[in-house]
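In this chain, numbering begins with 1 at the start of the sequence shown.
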Amino acid sequence: MEKSLCVVALVLFLGRFICGAETTTQSFSFLSNYTTPSSVKWTQAVIVEEQSRDRVTPTAETRRHSKTVTEEQPNSTNVNEGNKGIKEEELKDKEDHKIKDKKINLDCPPLGLESLRVDDSQIRASSSQRTGLGPHRGRLNIQSGISDGDQYDGAWCAEFKDKHQWIEVDAIHLTLFTGVILQGRNSIWSWDWVESYKVQLSNDSVDWQTCMNGTEEAIFKGNQDPETPVLGLLPVPTVARFIRINPQTWYFNGTICLRAEILGCRVHDPMDPYQQERGSRDNLDFRHHDYKEMRKLMKSVTEECPDITHIYTIGKSYMGLKLYVMEISDNPGKHELGEPEFRYVAGMHGNEALGRELVLNLMQYLCKEYKKGTQRVVQLVTETRIHLLPSMNPDGYEVAYEKGSELSGWADGRYSFEGIDLNHNFPDLNNIMWDAQEIAADASKVSNHYIPIPEYYTQEDALVAPETRAVISWMQDIPFVLSANLHGGELVVTYPYDCTRDWAPKEDTPTADDAFFRWLATVYASTNLVLANPDRRICHYEDFQMHNNIINGGAWHTVPGSMNDFSYLHTNCFEVTVELSCDKFPHVSELPVEWENNKESLLVYMEQVHRGIKGVIRDKISKQGIANAVIKVEDHDHDIRSAADGDYWRLLNPGEYKVIVWAEGYFPSVRRCRVGQQPHPTICDFTLTKTPIQRLKEIRAKGEKIPKDLQLRLRALRMRKLRASTKAINRRRENQRQRARRARST
Ligand SMILES: [Zn+2]
């Protein structure tokens, strides 16, 4: 976002120039000591733009720099006093620092109206049309409910249409305010936005000073449509506690409605007990990584941990960006007998950027902790083959990244380059299975797993994104057992089915493994620090807390062709969707705390791959593993199959199960398997005996002599068949005779 902020800043400086040429990028004022800003020349504005191209992303680190600017700059010239041997490079460093400091003034993070870090109680307004359009709804990117008139509408809307309306944010602490981001109203039914506004600042919310632009009150340019966020930078960054947005003009056919974010750096106060930086103790690279940076980071992890990591690609995006996967395992690059395979997929919707960063954090974390010998991580890495795909839709991500975390809006970058929503792009196997069950005489005979991909979907002209194709063949190549698909924009964990029956817009549509899916979703939701917080505010308009922060996908809204449903019906893999945060693209300063919010959940969720039963299915004579054997658990109408080496994993809740295994050419085998409360799988191996016919087939194919025992078995089999058929014939004849007798007697 950071790059685009500056470009927009330049547009503000050079383009419209509503704030006037009377501005400076370096000075700012304290409200109590309001100074007239010095004049800036055109050339200076250009310099700012050039310098900002290579600007680093602001982090907690750079925010600390801003304190230096505000309070310690006067001394900074003394730092190297007396040191005559300053090298040229150091001088350059110093220059760079100054440049950096200049940039920081444009670059304060959002206060958190969008992320909900700003509480409802911190936002007030002059008036509002009704409760659902109250000041608490004046948050960037907030989404409205389906019907207007509920509690959760799509903006703050003033009751009156005049120039005395305002929405006010109490930053609680003294804050260097640098800008405002404005957006119109989110509504299916109405169009409303504010086209220009003034900004006022106060230390007590009683005396207000209007943000000046030289000698005139600054007028900021607002919106021209309901959705595009527009940044307005204060001509002079100013320290205050309260800030007001005061609309001046609005869409001629609408009313005063807006959603906003405020940019501001908290001013350092040594007496303030809350002054500690929020963050993480883990030394990870907390930044938004574009494609190149992501690649670099992944490479650095493999260099740090070459023994347990391996990077591979599963294909390319439409624009040719590679879909990189990092594998983390004690023997990377190959499947080990009995070791379950796990995957995290992030960034299927390109603008839902948090998952991508969390997956990148996870790579670094696993590597570092493995090296340290942290027992939990060592065990996980040793016993599991973990695959991490941080960006399924890299084209979409680049679009959102260019605009930035605050200015990419709600949907920019969601879709693939071709405009495809990847989570609706998988083949709809649900309806194929349900239709087959409906017309079948015995629904239990219809296959409940490994549903084949339909013909239409495989055709060359089918509207299937290259990203989807790549993921499907990845799913077919590796015997994944468990997965999660990381999204953003809400706080909830959803589990399949995502697609409802009979096209209902929403309806609870459970799978045959509903209990285990609910467990999986609960594992993530109950360990996530935000989701599990009972006092949290709802993100937009739906209250998932009343469902313990988990919901069946179909019960939320139907999604035909989702990745979760496909994964469950076409492969053995169980997958849930995690909606990680209200804000799809959190500001970089939020990343450390988001990592902490999700760290335990990401780990404990992976550990669930070790629940249930697992084992190897072998041929009784040769002891070879049997691939593609069907594993059926009684009362679970969803079978799974063994992998190439005959190993299998069946996720199950604690309990005792009757398990039936069969494979083509073998007699079925039945066992009872008990799953305990501990997160360790129960080993349940099976040995299958070939049917005599199968043995005969194989011997004949090899042109070998039929052994004596098989000859006897085949003869016995033939005799049994003959006896059975003779019995059937006799029965039929007897029936015929009886019918004939009855006919004669009537
Ligand atoms: Zn999504």
When you look at Ser444 and Asp442, which way does the side chain to side chain donor-acceptor pair (under 3.5 Å) test go after all the steps?
-> CA-CA 5 Å; Ser444 68; Asp442 182 358; 2.7 Å; yes
Of Glu383, Glu369, Glu607, which is the lone residue that meets salt bridge (Lys or Arg N to Asp or Glu O under 4.0 Å) with Arg376?
-> Glu607
Applying side chain to side chain contact (heavy atoms under 4.5 Å, CB included), run through Val471 and Leu389 and close with a yes or a no.
-> CA-CA 10 Å; Val471 168; Leu389 171 61; 4.3 Å; yes
From the list Tyr568, Phe342, Phe480, Trp649, side-chain contact (heavy atoms from CB on, under 4.5 Å) with Cys573 holds only for Phe480
Between Asp421 and His349, is a side chain to side chain donor-acceptor pair (under 3.5 Å) present by the stated rule, with each step listed?
-> CA-CA 7 Å; Asp421 187 325; His349 293 141; 2.7 Å; yes
Between the main-chain N or O of Gly333 and the side-chain N or O of Glu327, is there a donor-acceptor pair closer than 3.5 Å?
-> yes
Nearest 0.5 Å please: distance from the CG atom of Leu388 over to the CE atom of Met298.
-> 7.5 Å
Can the positive tip of Arg356 be found less than 6.0 Å from the middle of the six-membered ring of Tyr397, inside 45° of the ring normal?
-> yes
Flag the pair Trp519 / Leu651 as yes when at least one side-chain heavy-atom distance between them is below 4.5 Å, and no otherwise.
-> no
Salt bridge present between Arg501 and Glu507 (N-O < 4.0 angstrom) = no
Does the side chain of Arg385 come under 3.5 Å of the side chain of His335 through a donor N or O and an acceptor N or O?
-> no
Would you name the heavy atoms of Asn533 and Gln545 that are closest together and state the gap between them?
-> O-NE2, 3.2 Å
Step through the shown structure and confirm whether more than 12 heavy atoms of other residues, nucleotides or ligands are within 6.0 Å of OH on Tyr318.
-> no
Student check: side-chain heavy atoms of Ile551 and Phe544 closer than 4.5 Å = yes
Decide if atom CZ of Arg700 counts as having more than 12 heavy atoms of other residues, nucleotides or ligands within a radius under 6.0 Å.
-> no
Hey, are the side chains of Ser483 and Met563 touching, using non-hydrogen atoms and a 4.5 Å cut-off?
-> no
Tell me, yes or no, whether the heavy-atom count around Ile693 atom CD1, taken from other residues, nucleotides or ligands under 6.0 Å, exceeds 12.
-> no
Are there more than 12 heavy atoms of other residues, nucleotides or ligands under 6.0 Å from atom CZ of Arg713?
-> no
Grab the two heavy atoms, one from Ala484 and one from Tyr605, that are nearest each other, plus how far apart they are.
-> CB-CE2, 3.6 Å
Looking only at heavy atoms, which two atoms of Asn423 and Met348 are closest? And how far apart?
-> OD1-CE, 3.3 Å
Going by an N to O cut-off under 4.0 Å, is there a salt bridge joining Glu575 and Arg343?
-> yes
Going by the angle between their ring planes, with limits at 30° and 60°, are His310 and Tyr312 parallel, tilted or perpendicular?
-> parallel
Taking atom OG1 of Thr302 and atom CE of Met363, what is their separation to the nearest 0.5 Å?
-> 10.0 Å
Check whether any side-chain heavy atom of Thr691 sits under 4.5 Å from a side-chain heavy atom of Tyr666, and report yes or no.
-> no
Electrostatic pair Asp647-Lys614, nearest N-O below 4.0 angstrom = no
Counting only pairs under 3.5 Å, give me each side-chain donor-acceptor contact of residues 676-685, with atom names and distances, residues two or more places apart or in other chains.
unit_1 : atom_1 : unit_2 : atom_2 : d
Thr682 : OG1    : Arg674 : O      : 2.6
Asp685 : OD1    : Val616 : N      : 2.7

For Asn448 and Asp637, which heavy atoms make the closest approach, and how far apart are they?
-> ND2-OD1, 2.8 Å
Full working for side chain to side chain contact (heavy atoms under 4.5 Å, CB included) between His636 and Tyr657 | CA-CA 10 Å; His636 284 63; Tyr657 301 93; 3.7 Å; yes
Decide if atom NZ of Lys316 counts as having more than 12 heavy atoms of other residues, nucleotides or ligands within a radius under 6.0 Å.
-> no
Can a salt bridge be assigned to the pair Lys599 and Glu596 using a cut-off of 4.0 Å between side-chain N and carboxylate O?
-> yes
So CG of Leu688 and CH2 of Trp662: to nearest 0.5 Å the spacing works out to 11.5 Å
Side chains of Tyr365 and Leu603: closer than 4.5 Å at any heavy-atom pair?
-> yes
Trp434, Phe517, Trp556 screened by ring-ring contact (aromatic ring centres under 6.0 Å, His included) with Tyr497, the one that passes | Trp434
Which heavy atom in Pro560 sits nearest to a heavy atom in Asp428, and how many Å separate them?
-> CB-OD2, 4.5 Å
Flag yes if more than 12 heavy atoms outside Glu664 fall under 6.0 Å of its CD atom; otherwise flag no.
-> no
Quick one: do Thr384 and Met606 satisfy side chain to side chain contact (heavy atoms under 4.5 Å, CB included)? Show the steps, please.
-> CA-CA 9 Å; Thr384 325; Met606 286 194 283; 6.0 Å; no
Hey, what do you get for CD (Glu357) to CG (Leu580), rounding to the nearest 0.5 Å?
-> 12.0 Å
Shortest non-hydrogen contact between Asn597 and Val530, atoms and distance = ND2-CG2, 3.1 Å
Answer yes or no: is there a donor N or O on one side and an acceptor on the other, between the side chain of Thr468 and the main chain of Val464, under 3.5 Å?
-> no
With side chain to side chain contact (heavy atoms under 4.5 Å, CB included) as the test, would you mind laying out the steps for Arg518 and Tyr495 before giving the verdict?
-> CA-CA 7 Å; Arg518 292 177 63 80; Tyr495 52 92; 2.6 Å; yes
Would you call Tyr344 and Leu358 a side-chain contact if the rule is heavy atoms closer than 4.5 Å?
-> no
Please test His487 against Asn485 for side chain to side chain donor-acceptor pair (under 3.5 Å), starting from the C-alpha separation and ending with a verdict.
-> CA-CA 7 Å; His487 286 246; Asn485 175 13; 3.1 Å; yes
Rounded to the nearest 0.5 angstrom, the CG-CD distance for Leu696 and Gln711 is 10.0 Å
Can any side-chain N or O of Thr558 pair as donor or acceptor with the backbone N or O of Thr500 at less than 3.5 Å?
-> yes
Is atom CD of Gln375 surrounded by more than 12 heavy atoms (other residues, nucleotides or ligands) closer than 6.0 Å?
-> no
Separation between CG (Asn564) and CG (Leu569), nearest 0.5 Å, reads 10.5 Å
Passing candidate, side-chain contact (heavy atoms from CB on, under 4.5 Å) with Pro390, options Leu362, Val359, Leu323 = Val359
Is there side-chain contact between Phe566 and Ile453, with heavy atoms separated by less than 4.5 Å?
-> yes
